[in-house]
Amino acid sequence: MTTTVIERKWHTTAEVAQMLGYGLSKTKMLVLTGEIRSIKDGRNRRILPRWVDEYIERLARDAELEWSA
């Protein structure tokens, strides 16, 4: 018997805050300013896993540029 694992397609703002170790208000501000991309799903915001990865990669790239300057 094969077990199928369903991967999450998106995350809530609260879930992303927990993943990043940020507070909910900081994460909401990042979403509102466009630092972290999101989509509107009814009254809620949803964030794709790749958008969280893009945000982290951008932070890492900016940090590397600061160190090399």
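If you take OG1 on Thr13 and CZ on Arg45, they are separated by 8.0 Å, rounding to the nearest 0.5 Å. The distance from atom OH of Tyr22 to atom CD1 of Ile36, rounded to the nearest 0.5 Å, is 7.0 Å. Once rounded to the nearest 0.5 Å, the distance linking CG of Leu48 with CD1 of Ile39 reads 5.5 Å. Glu64 CD to Glu66 CD: the interatomic distance, rounded to the nearest 0.5 Å, is 11.0 Å. Of the inter-residue distances, the one linking Arg46 atom CZ with Arg8 atom CZ reads 8.0 Å to the nearest 0.5 angstrom. Atoms OG1 and CG, from Thr12 and Asp41 in turn, are 11.5 Å apart once rounded to the nearest 0.5 Å.
In this structure the side chain of Arg58 reaches within 4.5 angstrom of the side chain of Glu35, judged on heavy atoms.
In the hydrophobic cluster analysis, where Ile, Leu, Val, Met, Phe, Trp and Tyr join through side-chain heavy atoms closer than 4.5 angstrom, Ile56 is grouped together with Val31. Hydrophobic clustering (side-chain heavy atoms under 4.5 Å, transitive across Ile, Leu, Val, Met, Phe, Trp, Tyr) groups Ile47 together with Leu59. Hydrophobic clustering places Met19 together with Leu30 (ILVMFWY residues linked when any side-chain heavy atoms are closer than 4.5 Å, directly or through intermediates).
More than 12 heavy-atom neighbours from other residues, nucleotides or ligands sit within 6.0 angstrom of NZ on Lys40. By the neighbour-count criterion of 12 heavy atoms within 6.0 Å, atom CD of Glu54 is densely surrounded, having more than that number from other residues, nucleotides or ligands.
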Full working for side chain to side chain contact (heavy atoms under 4.5 Å, CB included) between Tyr55 and Leu20:
CA-CA 10 Å; Tyr55 171 72; Leu20 296 174; 4.0 Å; yes

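Of all heavy-atom pairs between Gly23 and Ala17, the closest is O-CB, 3.9 Å. Between Trp10 and Pro49 the shortest heavy-atom distance is CA-CD, 4.0 Å.
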